[in-house]
There are 2 protein chains.
Amino acid sequence: MDVTMKDVAKLAGVSLSTVSRVLNDSSLVREETAHKVKKAVKKLDYQINDSARILRTNTSNLIGVIGAGMERPFLANLLKGIEAEAREKGFALIYGDSDGEFEKEQNYLNIMKQKKIDGIILITTNYYNDLLNIVKNYQIPVVFASGYISDPEIPCVTVDNVAAAYDVVDYLTRAGHKEIAFIKGPDLDLLASQERLRGVKLALRIAQLPYNSGRFIEGDFTFESGYSAAEKIMRKFPKITAIFAFNDEMAVGAIRYLKENGYQIPDDIAVVGFDGIELGKYTLPTLTTIEQSGYQLGLKSIELLDKIIAEEELEDNKVFIPHKLVVRESINKLSAKELASIKNKEVLVTNN
Amino acid sequence: MDVTMKDVAKLAGVSLSTVSRVLNDSSLVREETAHKVKKAVKKLDYQINDSARILRTNTSNLIGVIGAGMERPFLANLLKGIEAEAREKGFALIYGDSDGEFEKEQNYLNIMKQKKIDGIILITTNYYNDLLNIVKNYQIPVVFASGYISDPEIPCVTVDNVAAAYDVVDYLTRAGHKEIAFIKGPDLDLLASQERLRGVKLALRIAQLPYNSGRFIEGDFTFESGYSAAEKIMRKFPKITAIFAFNDEMAVGAIRYLKENGYQIPDDIAVVGFDGIELGKYTLPTLTTIEQSGYQLGLKSIELLDKIIAEEELEDNKVFIPHKLVVRESINKLSAKELASIKNKEVLVTNN
DNA sequence: TTGTAGGCGTTATCAT
DNA sequence: ATGATAACGCCTACAA
């Protein structure tokens, strides 16, 4: 078997407890003794047995992450942010993908509980309401990182999807677009996509444009679904002048369809995405989009979770990360005057 | 504290060992007793304490994954494949990103050892030689999933990078391209990028074209590096007719530069990528590339690792996943006759 | 078929 | 300042 504290104690000529004290930097140990122990640790290349420690202390320095569709660039960066900040704070990560299925989510929740995780980050949108109950029951610190959770007990970190979607439509209408179609996310997505929908509706109402549910085509956040949604849109609504896709991949898929079929972007059709993934800077035309940082989202999620685990007082358990509309080639820019009218507009959208 | 086996035993009116037997489906337990126990388990919502089990059995059903740059679409899919197959086989995942830094890799290796992982998957290319030594020392089953490892003791799963890169250049030369430039990976990447380089050199030699190291521009697998590499290439080698980028993102970055500067693709410049990420089907022009499945790569890696953990006899500890050259709009297709000359060619490249 | 008891490697509570 | 000892929750001989 592996080297244990016992071996270290023997080599250093001290007792088990002393070794333990040294390893946990207890102050009540003579420097000389500590030195002996450390030497023995190094010599034997001793590694602590985490299971034994966890069994005894009931704290694991382990954070569980349950996600879905994490191969999407935005979410891949989210995971990267989570990992980096977790490492920084001394946590290791248990990672599971739920494919958006409730059963798998439950399953991972159980596994993670069995491993005595200190906290959990949920990046999942379909059955979050059902999850909420389980999670509350489990009494494990949790942070949602996939949208706004209205339950006041549940901490979450997210972009302000309503405001961001509002900004997009607001910009488009001020640029003169009256006939806009939308590629929304899956109806199963109860968070981000629904929130963006609300932002869109709000902006349409303010601009006194009609809300026509037929113009919202369902996609699933893939290139392919953006492509085929664009096809549907142009067939059903040939008079459309702008398309707002609820993520960048769908927007890129739509652009491919449009260009393939002879539409000029932005002159015939303006296209806007959401997320601000790197790709958007390298398409032709480059992609106008809502820029938000997945990495930042991940980082903030761990930060919040860490505070909850440490039982610190929270300022707020709802955290928003910044976003901004980045206007690139896929839409026509507003004139300076038109732009000013936006800058001065009153804040119409609040965070709920 | 949580519910333990003791509580279950008491409620079911049996002893601890009986409960343990039931939970591990030992055959030596009366069905009736088993039923009682299971009822108690359900009633109390008992969850095993994994740390205690691991401490006792010294096996964790935990697999460690150390990667770098996992936000790249190909690698994100690799992780997805790993996760799916690991779950299928009853493993949970500990995931760590090394940023390609040796120190972080070492660090995670230690952490994972402390957690008594059953095996480890390494997706890292920079210092793999240094890692090898540590890993061998640790005596933990390992699989490399990022390139061919020549050390016969070390299992790995990978695409045949040499053959694939050869295929690309072979196709280009037969299509008449004599002036080809390359966007390679980081020189620090000691695996995939180096192997592709070898495939390229081989094909150039066979085609009796000169090898000119100046025509290999270093990139880092990002869009941005592809863009700026293309810029360098066109400035230094205006007579170039084809660019082969060692991954799809760099190819897309290059395409953006070329189109932005008035080059027609493929007529002025042909462009080929590597990986076959989904995006390549939606660019304009669509991207010619080597298609390999990251998901499949992940799946096979776990499959192999699982066999090693179970101490099954291996057919081979070097596993190759399939690849194929997918010709899309970014290069001109070969005529049927030219194509035939490839199909009939003798296999010039072997797997080492 | 079931129960008893010892031990996995730590930490924490007592003494000393 | 250090050491002996009892848990933590589980598995597994061995005994019954």
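Worth saying up front: this structure is predicted, and the values here are computed from it rather than measured.
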> Under 4.5 Å between any side-chain heavy atoms of L55(A) and N49(B), yes or no?
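They are in contact (side-chain heavy atoms under 4.5 Å apart), so the answer is yes.
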> What is the distance from CD1 of I48(A) to P of dG9(C), rounded to the nearest Å?
12 Å
> Main chain of I154(A), side chain of K318(A): is a donor-acceptor contact present, judged purely on distance under 3.5 Å?
yes
> I want to confirm an ordering. Mapping T18(A) and Y46(B) to their closest nucleotides on DNA chain D, which one lands closer to the 5' end?
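Looking at DNA chain D, the more 5' nearest nucleotide goes with T18(A).
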> Can you check the M5(B) CE to dG3(C) C1' distance for me, whole Å?
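So the two atoms are 12 Å apart, to the nearest Å.
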> Between N58(A) and dC8(D), does any side-chain N or O lie under 4.0 Å from OP1 or OP2?
no
> Apply the test side-chain contact (heavy atoms from CB on, under 4.5 Å) to residues L304(A) and L314(A): give CA-CA distance (whole Å), side-chain angles for both, the deciding distance (0.1 Å), then the verdict.
CA-CA 8 Å; L304(A) 182 58; L314(A) 298 184; 4.0 Å; yes
> What's the CG-P distance between N24(B) and dG9(D), to the nearest Å?
18 Å
> Does T33(B) put a side-chain nitrogen or oxygen below 4.0 Å from OP1 or OP2 of dT2(C)?
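Checking T33(B) against dT2(C): at least one side-chain N or O falls below 4.0 Å of OP1 or OP2.
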> Using a cut-off of strictly less than 4.0 Å, decide whether S20(A) has a side-chain nitrogen or oxygen near OP1 or OP2 of dT11(C).
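Result: yes.
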> Nearest whole Å is fine: how far is dC10(D) C1' from L55(A) CG?
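Rounded to the whole Å, the gap is 8 Å.
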> Could you give the CG-to-C1' distance, from L44(B) to dG9(D), as a whole number of Å?
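L44(B) atom CG is separated from dG9(D) atom C1' by 15 Å.
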> Calculate the interatomic distance between D7(A) atom CG and dC8(C) atom P; express it in whole Å.
11 Å
> Under the 3.5 angstrom rule, does the side chain of Q47(A) hit a backbone N or O of K113(B) as a donor-acceptor pair?
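Checked: no pair found.
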> Can you tell me how far C1' of dT2(C) sits from CD of E32(B), to the nearest Å?
13 Å
> Between P on dT12(D) and CZ on R53(B), what's the gap in Å once rounded to a whole number?
10 Å
> Quick test of your reading of the model: are K89(A) and D118(A) salt-bridged, counting only N-O distances below 4.0 Å?
no
> Kindly say whether T4(B) contributes a backbone atom to a donor-acceptor pair with the side chain of D7(B) at under 3.5 angstrom?
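Checked: pair present.
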> Heavy-atom distance under 4.5 Å between the side chains of E105(B) and I134(B), does that happen here?
no
> Name the pairs: protein N/O against N/O of nucleotides 4-6 of chain D, kept only if under 3.5 Å.
unit_1	atom_1	unit_2	atom_2	d
dA4(D)	N7	S17(A)	OG	3.3
dA4(D)	N6	S17(A)	OG	2.9

